[in-house]
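All values reported here derive from a predicted model rather than from experimental measurement. Every number for a ligand or one of its atoms is a count from 1 in the order of the listing.
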Amino acid sequence: MSKNKSSESVKVVVRCRPLNRKEETSGEVIVKMDLRLGQVVLRNPRAPATEPHKTFTFDAVYDSNSKQRDLYDETVRPLIDSVLEGFNGTIFAYGQTGTGKTYTMLGAWLDPETRGVIPNAFDHIFTHISRAQSDRQYLVRASYLEIYREDVRDLLDPNHGKARALELRESPDTGVYVRDLTSCVCKSVKEIEEVMNVGNQARAVGATDMNEHSSRSHALFLITVECSQPGPDGRKHIRVGRLNLVDLAGSERQAKTGVHGERLKEAAKINLSLSALGNVISALADGRSSHVPYRDSKLTRLLQDSLGGNARTVMVATLGPAPQHYDETLTTLRYANRAKNIQNQPRVNEDPKDALLREFQMEIARLRAQLNHRKGRSKHKKEEVGSSEGWDGGEETEGDEEVEKEAQEYVKQEEQRLEREKKAIGEDHSLLAEEKQQLLGENQRMMGDLRKEQEATEQLTAKFKAMESKLLVGGKNIIDHTNEQQKMLEIKTQEIAEQTRKEREIQQQMLVRDEETVELRETFSTLQQEVEVKTKKLKKLYAKLQCIKAEIQDVNDEHVRSRQELEQTQNELTRELKFKYLIIENFIPPEEKNKIMNRLTFDSEEDQWRFQPLVPAESKFSQMKKRPTSAVGYKRPISQYARVAIAMGVHSRYRAENIMFLELDTSPPTTGSLACSPEAESNQSPSSDSSPTKDRAGRVRKSRSWCQAPKTIASSSSNLSLAACHTAVPTAAQ
Ligand code: ADP
Ligand code: MG
């Protein structure tokens, strides 16, 4: 499964945007960049001029004149190439709001000069596929999500906004994934751009203030590229590369001081993912801590593989050059500097169990076999078509178009043949009329069968084609408009970028070595010379020492600041807690409180308290939904003994229902008009004054609610007949 187990560090590059219009008036810049060495020099605008500047070294730096293309060719291209080979890759932009994260990741969509990493990656991926060898098949999928206030939202879901936040799940094969996330199969740059547009629109619609929203939410665009190609063993192997393109929320501190209740919680949640990311980076960079707090936030869980796991990762830290952002710029540089030390273990994902491409190939092979079988059956072919084919059997004996054409040809021939036969029967005078009729009927039936068969084949073909169109074949599906010269130019640009990168690496190494080596072997002709050289060296080292001391002081200050902030947050939360506690203690009865507390459980997966269901889940159906077998057909459960006793017609004590049986009341209806006087009533109904009948009728009416539903209900109340009234049981039975 693994091809390359060697570890490599996270690549960190820094990009500084130009001064914006507001900042241009002062024109002061505090960031200087040495592109050749990959260094950023930061000046503290508040410090005296004598204070040494802070220097940070990265894999590459891009100043305000840098082009989007430079960053892409030098830093991103190698990463996308490895995703196309089956590695996992992640690019994330980190920095204060307004420093160019979105510009770097997205850029101006339609302008080729200023389009960012994501649109350039689309072009790169599909151009690569168009130039690949034709024995390769590709499947490209895209998903788009955002994390806002610790909720994961699917940006491709039409119900975005109304839909519930998605859940994160972990599987041993694929690691952490988002359950029920929409994933779109894309066959071209246009299609994947459309996916991106839909997501961006959903993001804009969901937010009242887009700028505010985007600076507080993390956007993740995920691309999965699956590629199948024949291996040395002759079988087709699938490699799956997953690419995460992440535009993080603004890294500036959210104002937490002076806010209470919901606002405080919201601020804490917005910061949570980023501070958790910082903690994860610190824990990984430190190398000593055994626990990496990935589970502290949704973002860190989703990026688990990208930080210290199976992935190649590039971090683009963005800066602003203006003096008013000195503190944030320094924090970003420190953050980025720490991230350099993270080690990843990227490896090729070969033949993973969840490869969708394999499922597609199997389904296509199945449909193809069905089609071929149909054709074979109709032609009465002896050979077992399709047995030689499987998704990794590889060889397709015939092109699909050929198969279809042949099938159509066959149907046409058959139709003609049947037509001819029909004509021949009609013209054959030697046949009897009856025989003729029979033969014509037979012919008609065969014709019908043939049509049905043809329809089924057509349906199958359509399904097959729809399925197959989703797969991209190397060098086939996409027309490559670039000519050979352009291709060569691209290759050369790539080579130059690689060369620059190597040169910079060598320069950096030389610089480090220069500082470290003590020139032991150096011989000095005079004592004076030795003193001079050593004084120079001492001065250099002293300056370095001062720098480090200042750094330590800075870090300590920052530590104290963040501790104070945390303490303040803690105080606010404690106050909140005391308030809630007071309400609970004084206004909620203790037994109610206990009931609630006994039902609460903590869901660590969702990081939330949940109520346990009142009825345990497993017995929910058996207890609540199903009637006990002893009650089937009865109102209440009844014992086996009682059942037998009832069947035997024994004593009524064994009856759970219909304890009382009553005689049929055959007396005529006792109806009368309400307006009638008592005398008139007695005249109208002579039998109504016979008290036993009246009594009995009253009892019958009363006992109705005890009895099973009568089989037939007569229109009059006194005509009531009881279902179980076979035997007349005296009223004393009650
Ligand atoms: P963020 O996403 O970090 O909040 P944006 O990407 O929205 O910041 O950038 C803020 C502004 O700065 C935008 O108007 C953008 O065009 C401009 N900008 C950022 N980086 C650059 C750059 N490298 N070159 C030119 N303009 C830039
Ligand atoms: Mg942005």
Side-chain angles (χ1 to χ4, degrees), residues 12-25 27 29-33 35 40 58 60-76 91-120 144-149 153 155 196-197 199-221 244-254 270-271 273-274 277 299 314-322 324-325 327-333 335-336:
V12 182
V13 303
V14 171
R15 186 180 203 187
C16 184
R17 69 157 166 77
L19 286 167
N20 63 26
R21 215 170 280 162
K22 241 199 266 168
E23 297 158 349
E24 256 172 6
T25 47
V29 168
I30 56 161
V31 179
K32 259 200 210 142
M33 288 181 152
L35 306 188
V40 183
F58 297 100
V61 292
Y62 299 92
D63 64 7
S64 53
N65 300 319
S66 63
K67 300 263 174 309
Q68 297 274 45
R69 204 73 223 177
D70 298 340
L71 183 119
Y72 190 84
D73 284 337
E74 211 178 286
T75 305
V76 184
I91 304 163
F92 63 94
Y94 177 93
Q96 192 189 352
T97 301
T99 50
K101 293 183 298 297
T102 308
Y103 180 85
T104 301
M105 294 307 292
L106 265 177
W109 192 254
L110 298 168
D111 179 12
E113 273 293 301
T114 49
R115 35 197 346 216
V117 166
I118 298 177
N120 279 326
Y144 199 7
L145 62 94
E146 70 169 351
I147 304 175
Y148 184 55
R149 292 192 202 167
R153 300 205 173 273
L155 290 170
M196 181 97 210
N197 271 338
N200 282 343
Q201 271 162 20
R203 225 180 154 201
V205 167
T208 40
D209 179 351
M210 182 55 196
N211 231 352
E212 174 88 333
H213 183 86
S214 85
S215 68
R216 289 174 167 219
S217 69
H218 311 285
L220 279 82
F221 195 86
N244 305 321
L245 301 153
V246 190
D247 184 1
L248 290 178
S251 63
E252 63 276 3
R253 280 168 199 278
Q254 304 284 337
I270 288 163
N271 255 8
S273 272
L274 275 178
L277 183 68
L299 179 72
V314 171
M315 171 179 178
V316 184
T318 55
L319 310 173
Q324 58 266 39
H325 302 310
D327 289 331
E328 287 297 345
T329 306
L330 183 61
T331 315
T332 304
L333 285 170
Y335 209 92

Run through Val61, Thr332, Thr99 and flag the one making a side-chain contact (heavy atoms from CB on, under 4.5 Å) with Leu319.
Thr332
Evaluate the criterion side chain to side chain contact (heavy atoms under 4.5 Å, CB included) for residue pair Phe221 and Met196; output intermediate values, then yes/no.
CA-CA 8 Å; Phe221 195 86; Met196 181 97 210; 3.6 Å; yes
Smallest separation among heavy atoms of Ser273 and His218, with atom names:
CB-NE2, 3.4 Å
Distance filter under 4.0 Å to [X] heavy atoms, resulting ligand 1 atoms:
{"X": "Thr97", "value": "4 (O)"}
{"X": "Thr99", "value": "3 (O), 8 (O)"}
{"X": "Gln96", "value": "3 (O)"}
{"X": "Pro18", "value": "21 (C), 22 (C), 23 (N), 24 (N), 25 (C)"}

For Tyr103, the ring-ring contact (aromatic ring centres under 6.0 Å, His included) test, sequence neighbours excluded, returns none
Polar proximity ligand 1 side, [X] side, N/O cut 3.5 Å exclusive:
{"X": "Tyr103", "value": "yes"}
{"X": "Gly98", "value": "yes"}
{"X": "Gly100", "value": "yes"}
{"X": "Lys101", "value": "yes"}

Does the side chain to side chain contact (heavy atoms under 4.5 Å, CB included) test come out yes or no for Ser66 and Leu71, once each step is laid out?
CA-CA 8 Å; Ser66 63; Leu71 183 119; over 6 Å; no
Are Thr75 and Val316 close enough that some pair of their side-chain heavy atoms sits under 4.5 Å apart?
no
Closest heavy-atom approach to atom 7 (O) of ligand 1 among Thr318, Thr102, Leu19 is made by Thr102
With Tyr335 as partner, the option from Tyr94, Phe92, Phe58 fulfilling ring pair (Phe, Tyr, Trp, His ring centres under 6.0 Å) is Tyr94
Please determine whether Tyr103 has a backbone or side-chain N, O or S atom lying under 2.8 Å from the Mg ion (ligand 2).
no
If we set the cut-off at 4.0 Å for heavy atoms, which region of Ser64 has an atom near ligand 1: side chain, backbone, both, or neither?
neither
Tell me which part of Arg15 gets within contact of ligand 1: side chain, backbone, both or neither, using heavy atoms under 4.0 Å.
side chain
Taking only residues two or more places apart in sequence, or in another chain, which ones meet Asp327 in a side chain to side chain contact (heavy atoms under 4.5 Å, CB included)?
Arg46
